[in-house]
Each structure stands twice: as C-alpha cells, then as structure tokens.
Amino acid sequence: MAKEQKNTPATEEQEQVQVKEIEVRRQKLDALRERGIDPFGAAFNASHTTSQALAEFDDEQPEKTVKIAGRIMSKRGQGKVSFLDLHDQSGKLQIYVKIDEVGEEQFSLLKLLDVGDIIGVAGPVFRTQRGEISVRAQQLTILSKSLHPLPEKWHGLKDVELRYRQRYVDLIVNPEVKDTFIKRSLIISAVRDYLNGQGFLEVETPTMHNIPGGAAARPFITHHNALNIDLYMRIALELYLKRLIVGGLEKVYEIGRVYRNEGLDYKHNPEFTLLELYQAYSDYQGMMELTENMVAQVAQKVLGTMQITYEDTQIDLTPPWNRMTMQEAVLKFSGVDFAQVPDDAAAQALAKEHHIVIEPHFTKGKILSLFFDAYVEEHLIQPTFITDYPIEISPLAKKHTDDPNMVYRFEAFVYGRELANAFSELNDPIDQRERFMQQMLERERGDEEANMLDEDYVNALEYGMPPTGGLGIGMDRLVMLLTNASSIRDVLLFPAMRPLNSAKEEHNVISEAVTEAEPAKIDFSKVEIEPLFKDFVDFETFSKSDFRAVKVLACEAVPKSKKLLKFTLNDGTAENRIILSGIHEYYEPEELLGKTCIAITNLPPRKMMGIDSCGMLISAVHNEEGAEKLHLLMVDNHIPAGAKLY
RNA sequence: GAUCCACUAGCUCAGUUGGCAGAGCACCUGACUUUUAAUCAGGGUGUCCCGCGUUCGAAUCGCGGGUGGAUCACCA
C-alpha cells in the first residue's frame, strides 16, 4: 500500500491499471468476441504443413498460395508490418503480415494476438529480403486463443517438475522433447516390424489378473464390483503368453503396459511398457541372437547407426555382443571364484569378508547374484550377455542339465543396466509346481514379491509346452538408451507424479468418508443368532482344540458336489492340508484364493465325496429372515500360516 | 527410509554482513512498412514454498512442515 502511494506521481494515468498477463489475454479474448470473432474457431483445412510449404517452395516460381495452421511462437512487430513464427508438428514457417496486404481490419487483429495463440494463415509463399521463406498473409484466422503466457523463448521451461506435470507446455516450447517422443514411437514401430518380419504374432492378453505372476514384484490391487473380487494389475506378460505357446501359437509377442507397486526413481515408473516374446522350439541361445540382432537393427533403422552415444559414452551395438557366465563375470571383476565355493556356508563367509549384506537363509546362488550386483554390473558398459543364473532367483526358467542349481537364463547389460532378460522356459509342470511351492514359502517368509501359485498355468504346462525361448525387454529402458535420456521420465509422456495440493489432506478426507460410509451400508437389524450355550466346557477340553491360521493356496469346487469346496491350505508345516467345506453356495473358489482363514487342525480325517478332509474351516453363522447366512472367518493377511489361536 | 541441495515476477535467474524486492525475456504504453532472441523510449506486474520463532527489523538466521532433484539404502 505504502509503496503504491509513493509511486502515485509516476503513474499519472489512473486508468492504466496494472493487470496480470493472464487477465490481459482474457481482455483480448473479450475484444475478439466483441468484434464477432470466435476466439476458439472451427475446423481449418490447411493445404500444407509448414515443412511441406517450405519443401515445395521454388525460387523460380514463387508466390504459390498455401493455407497453413499452427501456433504462434514468436511475434516481431515493426510498425505497419509484423512477423510471426508459426509452428506445427512438422516444423515452423515465418508469416509476414503487411497492412497493405491484409487491410487495416485484419492488421489490427494482430494486437489481439499473442505468442501461444493458434491461427490459420492463407497467402502466397515468397522469400524475404533476408532470405527466409515466408507466407505473405492475406487472411488470418484465429483458431484458438491461448490464455496462458508461454515460458521464456530462449531458456525454455527448465523446471523438471513442471515439465513432467504439464508435458503439453514442455512439448510446445522444448522441441527436443517432441523429437524424443517421435523417436520413441519409431523405435516401438521398428521393434514390431522386426518381430513381424521374423514371423511373430502380436497378441493382447489381460492386464487384470486373478493371480499376478511372471515376475518378482508387488502388484497393484483393484476390484471388480459385479464379481466382488479383487483383481491384480499385471506385473508381467509371461504366463499368459506361454499359455499361447501351449495352445500352438508358436511365436508370439506383446508390447504392453505392466504395473509394479514400487518406488519411483530415474529408472523406475510404476507403469512401464514391456516387450515379451516367446518362441517355441527355441531356447535362451536363440533369444540371445534375437536380442542383439533386433536391438542393432532397430538402432540402425531409427538412428541410422549401431554406434550410439549414451551419457558421453560410446556404445557399439553391433552383434555379436560379449557373452560371459555370471560366475566368470564375478571372477573377472571381484577375483572371487565361485567355482571353488563348496556350499552355502562358504558363500556366506565370503559375503561377510566382502561386506555384502546377507540373511542367514541365503544360498550360494543368491550370494553369487549379490556379488554380481556389487562388483560386476557397473562395468558392463558395452553390450554384454550374462548367462547361467542361480535357480533361486529364476522360478520360471529351465534347470541346467549338468547343474541343478543353475538355470538357462541370460540378462543383457548395456551401460551397466539391465536391458533384456531371457531364459529357456521351464516346461516341466512337475518342476514348475515345486518351484511355485518354494515361492509360496518365500512369500510366507515375508517376501511379498515371491510368485503365487498359478494353478491354471501349471495345468497348461501339464498339456505339454514345447521347449521355448522367452525374452523380455523394458521398452522404456531401450528408448532411454537410444535417445540418450538420463531419466525414464524423459521417455514417458506423463510419468507418475505425486498429486499436488497436499496429498495427505485428501487422503484423510477419503479415509474419513470411507469409515463413515461403510458402517451405514451394513444392516444388522434382521440378524438372529443361535442362543448361547448354557453348558460350560472346561479349559482343558477347550485347549485340546488346535485352532490355526491357514492360507488358502488353492481352492476348487468338488466335482459332482453343489456345496463342497476343496481347500489346499498352508498350515505352516511343509505339507499342505486338504480341508473340504460346504460353503460353495456362499463363495466362489477364486474369491478365497490367498485369504488367511481359521481352521481346527487336530480333527481326525473325514471322508467327504471320497476325499479325506483334515480339519474344519471356521465360519460364522446366523439367520436373517429365516435364511441361514454364513461368513467364512477371514483374518488379516499379516497373520502367518500356522499361527496358533489362544 | 537417510543425507545433501533447491524453491524469489508468467519463464530463466541474481540478491553481499539481517536494513526500502532485482535483471533479462515475456507483458503493458508509444515509435518503426522485409524482421530473425528485431530495435528504440517509458512502465515492475511479487503469498521471496508454508508455519512458528529469534530480532527494532527476516528472502537472508533457528526450528518444524511441503514439493522437487541428487546420492545412498530398500526392492529386483
């Protein structure tokens, strides 16, 4: 206030109100409307793109009339003449507006135009005195008024957060961003072309899975209302694509989005684009050849060379790429020879010696992979295949015939980062089931990323899957490499961002709303319960019943029975427990998969439909308007299998 | 999760030892009939990320918080 008063003598004209730029633009918008011009005009039939108009220009035969449309990116007024730079997707073209040519009425429109506005221009193409090919405007059409000022023309938009949050602005003002995304599109097309040329069939498989499988990652969970079941957003494409191999589609691929509930950093986004392909009768060797050939050819096609520069480092993608086993690589870069390590204990001792953090149950193979991460990965700058992975970290890969602790798998590394992952697919259903069971144990041990048992997938394998090579490539990583992008966010048009405006508050509002709404939906007014028992049971008798938390590993309807469900349960012991329960009229088997329930485990086996049922699952029963209602007791998933109830 | 850094005009950024909030571009007023980051004359448009504190006085110092970035850890 004081400041304004001080300045009063300087600002003599009281009417000259200082307004923000956005208000100025709104005023111009109103001014256009007052003239009867729609500031957000209709379709405009351009005859040329800017680059076409430039390409067709001929100094021998100038003055060919064109109609072009685009965004004004620069405006240079010079009295009764004005120059505009008009940008469209193909490039830019200068517009020359002269009062004699367009008339006073049109020329005065220029005052209402700003950098950022979208216009159409009609007029002949010519060359200015300074030699620039331009359109001499005869007609200006306002197609859309821009209400926001654009970032500064010389420095552009630097604020990375704004660039990602408002990619549209980034694309308008930073031309190299557009180039990157055009290149991304070309790369993905080139991959498709290559694979189609090799006889692969592109397919689409579900993105919402009942059981998320094919990778070690935490999934996102969503919900289907009509079925009243939770579904998982897929973390990989693998298991569905291999079902297709079983079905006889011998070369398939999918380029699709997968979702992993993990942190965000320069190489991770919660959703990303994954290429997976499977080729029957091939193996990981075949996949290696395919990988190096495909990547090299894509680079050649999109960049015109196999010699690329990433972060100032020259990388040669020309096949064949280096090949090393994981053991050889660890020996080379750390000096530790795992061929000489006899057992898990020796490996653990080595890990401690080299300050590698491990847990007591870590095996030799797992520790080898930790050595690899610690000593080798960063050195693999030029394209390198690392082969022969430990079985512990590869539950879907085929075992080495001469070393049951190894699998036929490789990962390709470029610039110290994983680019591709492939293996000879495990097609032995018995082995696969055992591996899933091992993964289930890991899950129970708290590894939320371990695979879940996919019964139908094993069932598919039981029909017979040919020996198969499978390959996965993170397309975002590939695009990063080929566009020299240092962050995955630079190759994703709209990378995941935390919402603005205090996420916490919104979260609170939602959770309050939920807690308020939920109880209101449940109506207990019609509930009738069984009278409480009068007879006492002594504590000794009670404590003889062994109540345990159990996890539903598998659940299926018993054939020929309307009521019975057969549960395969993890009760914390190594052996699975089978319990049959007559609750099919209340639950479909798939809704119970993975749930944690309560069972009595020390009842004598009882035959039902010829199957031994070992114990009872506990349900809560009541009556409502004469009908019996039942709820299977389901408890918090944090409760481990086998936990005893007291 | 830990550490470090950043946050000032629409954009890019200065801001000294705690002492009236600054520049360039953009924008506004005016001049200019072939400009090229047009030029010339004039105009500063602000929640200095937010809150609390110290102080006569805070963009600046302290504490707490937010957002982003980097590094590390976790995860694979």
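Worth knowing before you read on, the calculation uses all heavy atoms, side chains too, and leaves out hydrogens, waters and symmetry mates. Below, chains carry the letters A, B, ... as their sequence lines are ordered, and counting in each starts from 1. Model, not experiment: these values are computed from the prediction.
Regarding Asp117(A), its CG atom lies at a distance of 11 Å from the P atom of rC27(B), rounded to whole Å. Atom pair Arg127(A):CZ and rU36(B):P shows a separation of 17 Å (rounding to whole Å applied). rU35(B) atom C1' lies 12 Å from atom NZ of Lys92(A), rounded to whole Å. Rounded to a whole Å, the NZ atom of Lys145(A) is 10 Å from the P atom of rC27(B). Separating the CG atom of Leu84(A) from the P atom of rA38(B) is a distance of 12 Å, rounded to the nearest angstrom. For the pair Tyr259(A) OH and rC75(B) C1', the interatomic distance rounds to 21 Å; values are reported in whole Å. The distance between atom NE2 of His148(A) and atom C1' of rA9(B), rounded to the nearest whole Å, is 16 Å. In this structure, CD of Glu378(A) is placed 10 Å from P of rC72(B), rounded to the nearest angstrom.
In terms of position on RNA chain B, the residue among Arg260(A) and Tyr266(A) whose nearest nucleotide sits closer to the 5' end is Tyr266(A). Place Val115(A) and Gln129(A) on RNA chain B by their nearest nucleotides, and Val115(A) ends up nearer the 5' end.
Using a 4.0 Å cut-off between charged side-chain N and carboxylate O, Lys80(A) and Glu101(A) make no salt bridge. Ion pairing of Arg257(A) with Glu271(A) is present here, as a side-chain N (NZ or NE/NH1/NH2) and a carboxylate O approach within less than 4.0 Å. A salt bridge links Lys145(A) with Asp114(A): at least one charged nitrogen is closer than 4.0 Å to a carboxylate oxygen. Remark: Asp388(A) does not engage Arg409(A) in a salt bridge, criterion side-chain N to carboxylate O under 4.0 Å. A salt bridge is defined here as a Lys NZ or Arg NE, NH1 or NH2 lying under 4.0 Å from an Asp or Glu carboxylate O, and Glu377(A) with Arg417(A) fails to meet this definition. In this structure, Lys398(A) does not pair ionically with Glu425(A), as no charged nitrogen and carboxylate oxygen lie closer than 4.0 Å.
rU60(B) and rU17(B) are spaced 10 Å apart, taking the C1' atom of each and rounding to whole Å. Comparing the C1' positions of rG22(B) and rC48(B) gives an interatomic distance of 12 Å, to the nearest angstrom. Across rU35(B) and rU71(B), the matching P atoms stand 48 Å from one another, rounded to whole Å. Rounded to whole Å, the C1' atom of rA58(B) lies 15 Å from the corresponding atom of rU47(B). Distance noted for atom C1' between rA59(B) and rC20(B): 14 Å (whole Å). Atom C1' of rG15(B) sits at a distance of 26 Å from the matching atom of rG64(B), rounded to the whole Å. Going from the P atom of rA6(B) to that of rC13(B) covers 14 Å, rounded to whole Å. Here the separation of rU39(B) from rC61(B), taken at their C1' atoms, is 46 Å to the nearest Å.
Shown here, rA14(B) forms no base pair; nothing in the strands shown gives a Watson-Crick or G-U wobble contact with both key distances under 3.5 Å. When Watson-Crick and G-U wobble pairs are counted only if both distances are under 3.5 Å, rU35(B) pairs with no nucleotide at all. Remark: rU71(B) base-pairs with rA2(B). Criterion, Watson-Crick or G-U wobble with two distances under 3.5 Å. In this structure, rG42(B) and rC28(B) make a Watson-Crick or G-U wobble pair, each of the two defining distances being under 3.5 angstrom. Look at rG64(B): its Watson-Crick or wobble partner, with both distances under 3.5 angstrom, is rC50(B). A 3.5 Å limit on both hydrogen-bonding distances identifies no Watson-Crick or G-U partner for rC20(B).
Asp85(A) comes within 4.0 angstrom of no nucleic acid atom, judged by non-hydrogen atoms across all strands. Here Gln94(A) lies in heavy-atom contact (under 4.0 Å) with a base. Phe126(A) comes within 4.0 angstrom of a base, heavy atoms only. At a threshold of 4.0 angstrom between heavy atoms, the contacts of Ser74(A) are confined to the sugar-phosphate backbone, with no base atom among them. As judged by a 4.0 angstrom heavy-atom cut-off over every strand, Lys366(A) is placed among residues making no nucleic acid contact.
Listed nucleotides rG30(B), rA76(B), rU35(B) differ in distance to Asp373(A); the shortest reach to its side chain belongs to rA76(B). Among the nucleotides rU33(B), rU67(B), rG30(B), the one closest to the side chain of Arg165(A) is rU67(B). When each of rU33(B), rC11(B), rC27(B) is scored by its nearest atom to the side-chain atoms of Leu162(A), the top-ranked nucleotide is rC11(B). For Val160(A), taking side-chain heavy atoms from C-beta onward, the closest of the listed nucleotides rG68(B), rU35(B), rU71(B) is rG68(B). Across rG10(B), rU36(B), rC28(B), the shortest atom-to-atom separation from the side chain of Thr128(A) is found for rU36(B).
The base of rU36(B) lies close enough to the side chain of Glu132(A) for a donor and an acceptor atom to sit less than 3.5 Å apart.
Neither OP1 nor OP2 of rU36(B) sits under 4.0 Å from any side-chain N or O of Lys75(A). One finds no side-chain N or O of Arg130(A) lying less than 4.0 angstrom from the OP1 or OP2 phosphate oxygen of rU34(B). Between Arg76(A) and rU36(B) there is no side-chain N or O to OP1 or OP2 distance below 4.0 Å.
Here the shortest heavy-atom pairing between Asn484(A) and Tyr310(A) reads OD1-CA, 3.4 Å.
When side chains are defined from C-beta on, Ile119(A) counts as touching Leu84(A), because their heavy atoms get closer than 4.5 Å.
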